[in-house]
Structure formats: C-alpha cells, structure tokens
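Dropping a structure here in structure tokens format, bear with me for questions.
Whatever order the structure lists ligands and atoms in, that order sets their numbers, starting from 1.
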Amino acid sequence: MPEDQEVHRGLEGVIVAETKIGFVDGQNGRLVYRGYDIETLVNNSTYEETSYLLINGNLPDRAKLSGYLAELKTRRKVPGKVLDFIDDYAGTSHPMSDLRSALSVLGSMDKDTVMPNLEKQKSMGIDVIARTPVLVAAIKRKWEGKKIVEPSEDLGFSANFLYMSNGSKPTKEQEKVMDTCLILHADHGSNASTFSSLVTISTLSDIYSAVTSGIATLKGPLHGGANELALETIKKVGSPDNAEKVIGDMLARKEKVMGFGHRVYKVYDPRARILKEFARSITKKSGKDNLFATAEAMEKAMINKVGGKGVFPNVDFYSGMVYESLGFQDNIFTPIFAVSRASGWIARSLEYLADNRLFRPKAKYTGETGPREYIPLDKR
Ligand code: ACO
C-alpha cells in the first residue's frame with residue numbers, strides 16, 4: 001500500500017550513520033580527516049600515513065609507521081592469476097570495469113571471505129590498499145599495449161605506483177604531486193561510492209566486496225568519472241578566448257559543465273584549490289600553459305554565471321591535467337581516484353562494522369494497488 005511519507009530523493013539531507021573519520025564542511029569549504037585539515041595533511045603527511053590515520057584514528061608513531069609501510073610493501077604482490085586476468089580481459093571496455101572485475105577476482109582467491117571477523121576484515125583492507133595501485137598500473141599498461149611492471153621494493157606507495165604505471169622512476173616532484181592527489185581523494189563523507197561500500201559491508205559481507213561496490217559506484221560521470229570529461233571539455237574549449245562563449249552556450253542548453261558543482265560544497269572545494277596550484281606549475285613545466293589558462297578562464301566564466309547558485313570548481317576540474325602531466329591517459333583518472341579512496345572506503349566500512357546495522361531503507365510505492373486480474377498470456 002502507498003505510504004504517506006516524504007521521499008528524500010537521493011537521500012539528500014538524510015543522516016544514515018555516525019562517523020569519526022572525516023568531515024566535509026560544505027559551507028566553509030573545509031575537509032577534515034580525523035580532526036586534521038586537509039591542507040595540514042598535504043603539507044606535512046604522506047598517503048601511507050594518512051591512510052593509517054583514517055583507519056586507526058591517530059597518526060602513527062615512528063615504529064607503527066614503519067610497520068605499516070613494511071606491511072603495505074610486502075602485500076603489494078598480486079597473484080599471477082589476477083595479472084593474467086588483466087592481460088586476458090582488460091583493454092576493451094573501461095579501466096574502471098577492468099578494475100572492478102580484477103579486484104573481484106582477487107577477492108575470490110581469498111579463502112576467508114565468509115563471515116570474516118573484524119581483524120580479518122582489517123587485514124583484507126590493508127591487502128586491498130596495497131594491491132589496488134598494482135592492479136591499476138597493470139590495467140594502464142595493458143591499455144597502452146605495454147608489459148606489466150613488477151613492483152619495486154625500494155619505493156614508497158606513490159613512487160611505486162608511478163613506477164609501475166610508467167615504467168620509470170618518478171622525480172621527487174612527481175612523487176609529491178601523486179602523493180598529494182592521493183591524500184586529497186582518500187575520504188569524502190557519505191558520498192555515493194562510500195555509501196555503497198557501507199551498504200555492502202552492512203550485510204556482513206567482506207572488504208573486497210565493499211570496495212568492489214565502491215569502485216562500481218565511483219565509475220559514473222556524476223561521481224568519479226567527471227574528471228575525464230572535465231579535461232575533455234577544457235581541451236574542446238581550446239583557448240581562454242573561447243571560454244566565455246562556450247560556457248554561456250552550455251549553460252543556455254542547460255548542460256552540466258563537468259568539474260563544477262557539488263552536492264555538499266556550495267563554496268570553492270578545498271581540494272580543487274590545492275590541485276589548481278599543482279596544475280598551474282606542472283602545466284607550465286610541461287609547456288601546457290594554454291590548457292591551464294583555458295581552464296582558469298572557464299572557471300572565471302562559470303563563477304560569474306553560476307557562482308551565485310553555489311557552483312564552483314570541484315576536485316575533478318583540475319585533477320585531469322595534473323594526472324595527464326604525470327603520464328596517465330584520461331581513462332585512468334577515475335581508477336587513480338579508486339587507488340586513493342580505497343582507504344576511505346575501508347576505514348568507513350571497518351568503523352561501520354564495529355557497530356553494524358543492516359541498511360534497509362524503504363521506497364514509497366506509487367504503483368497500482370490492485371488487486372489486478374491476471375490475464376493468461378494468450379489473451380493479453
Ligand atoms: N554545470 C552547470 N550548472 C550546474 C552544475 C554544473 N556542473 N552543477 C550544478 N549546476 C546548477 C544546476 O543546474 C542547478 O541549477 P538550477 O537551480 O537553475 O536548476 C543548480 O546549479 C544546483 O545544482 P544541483 O543539480 O541541485 O546540484 P546537486 O547538488 O544536485 O548536484 C552535482 C551536484 C551532481 C555534482 C552537479 O553539480 C553536477 O552534475 N556536476 C557535474 C559533474 C561533476 O563534476 N561531478 C563531480 C562531483 S565531485 C565528485 O564526485 C568527486
């Protein structure tokens with residue numbers, strides 16, 4: 001029977017859980033992980049340390065950090081069968097489909113995925129954090145028709161990811177840029193993919209399944225897929241002189257400009273502010289100043305026209321050109337997001353599991369109330 005209840009489309013404004021992990025202050029443009037402002041972490045921390053913080057609640061001391069770093073390094077090894085799977089199946093659909101399936105294959109090789117206890121879930125989580133970049137690098141290489149590169153024992157998380165992706169050791173500056181991108185994307189409130197992970201884990205499923213759900217949800221263009229489309233749009237605009245007109249035309253056609261707007265931030269996204277400066281310097285060095293100048297002109301036009309509605313650049317607007325400068329083709333941008341967000345999905349899944357409640361919302365029934373007469377097939 002229809003229920004006389006208000007429908008919260010897209011669950012907007014509905015609070016579904018308590019968390020101590022991260023806070024998005026959409027009115028003041030602040031992003032906080034476990035009490036630390038994102039700028040503080042970008043300036044002082046590393047992705048590994050940030051990942052530890054998200055999962056465990058506090059920054060590690062020296063001994064705990066070196067233990068975590070060692071664990072992440074030893075768990076980098078991905079079974080050959082998973083790499084064979086990538087070699088056989090990746091390269092035709094989309095790298096996010098490849099990643100979703102490859103992680104699923106990895107999960108199906110773990111014998112402890114039936115009703116794992118919290119400790120086992122956490123251990124699986126660290127496996128996933130360590131191995132997701134290995135999968136993404138292998139998928140990237142496959143898409144480029146190149147041989148998969150073995151992980152390097154000597155390199156940290158971000159440097160190894162770049163090394164396996166590009167086949168050469170990154171500079172210190174490239175490593176820092178990659179690390180910053182990973183810190184910036186590691187957690188972001190109850191977004192669609194994180195919620196998806198929580199729904200999955202709330203059934204007492206396993207971490208591989210929760211992260212696979214997150215990846216599947218992140219794939220869409222209204223979420224993680226926007227940075228690929230944002231860079232495409234910037235390239236189509238082509239020059240700062242075209243920005244005003246193209247943006248005006250797009251808005252007149254009621255088109256969404258990718259890389260702008262956010263469900264929570266109604267001011268400038270703090271991640272975009274940080275990425276913009278990296279984009280400025282990295283494009284200058286790679287001789288792509290025009291790309292940056294075009295993006296900046298688009299930003300100006302958008303803020304003039306729709307800033308009043310709370311529409312500003314989001315994290316996806318400048319990240320594409322940063323990734324491109326680091327050697328990634330556009331269809332790998334969202335998989336990079338997944339490499340980073342794995343920490344957030346896992347931290348929040350573990351937190352939720354510790355006080356689990358199965359998700360089971362309702363939908364308001366607006367269909368026929370019946371009872372309808374059943375008409376046999378040959379009489380319809
Ligand atoms: N381009 C043009 N206009 C926009 C944009 C945009 N990117 N975003 C919002 N607006 C306009 C809307 O048309 C609407 O105008 P109206 O009031 O005249 O109808 C107004 O701003 C409010 O927008 P909503 O759609 O209500 O904003 P909502 O919070 O629902 O949407 C969303 C957020 C889905 C992210 C939207 O801004 C969008 O589609 N952006 C483009 C895709 C994108 O960049 N996604 C990445 C988000 S960040 C992330 O997931 C990592």
Original post:
Just by distance, do the side chain of Asp269 and the backbone of Val315 share a donor-acceptor pair under 3.5 Å?
Top reply: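 The answer is yes, because a donor-acceptor pair under 3.5 Å joins these two groups.
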Subject >> His262 and His188 aromatic ring geometry - parallel, tilted or perpendicular at 30°/60° bounds >> reply: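 Rings of His188 and His262: perpendicular, over 60°.
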Original post:
Once the angle between the rings of Tyr318 and Phe292 is folded into 0 to 90°, is it parallel (under 30°), tilted (30 to 60°) or perpendicular (over 60°)?
Top reply: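 Tyr318 and Phe292: tilted rings.
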Original post:
Any donor-acceptor pair under 3.5 Å linking the side chain of Ser97 with the backbone of Ser93?
Top reply: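 Judged by distance alone, no pair lies under 3.5 Å.
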Original post:
What residues sit with at least one heavy atom under 4.0 Å from ligand 1?
Top reply: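 Answer by chain and number: Leu222, His223, Ala226, Leu251, Glu255, Lys256, Val257, Met258, Gly259, Phe260, Gly261, His262, Arg263, Lys266, Met302, Lys309, Val311, Asn314, Val315, Asp316, Phe337.
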Subject >> Pair Ser193-His223, side-chain donor/acceptor within less than 3.5 Å >> reply: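 Indeed, the side chains of Ser193 and His223 share at least one donor-acceptor pair under 3.5 Å.
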**OP:** Verify whether the ring centers belonging to Tyr68 and Phe157 lie closer than 6.0 Å.
**Re:**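 So the answer is no for these two rings.
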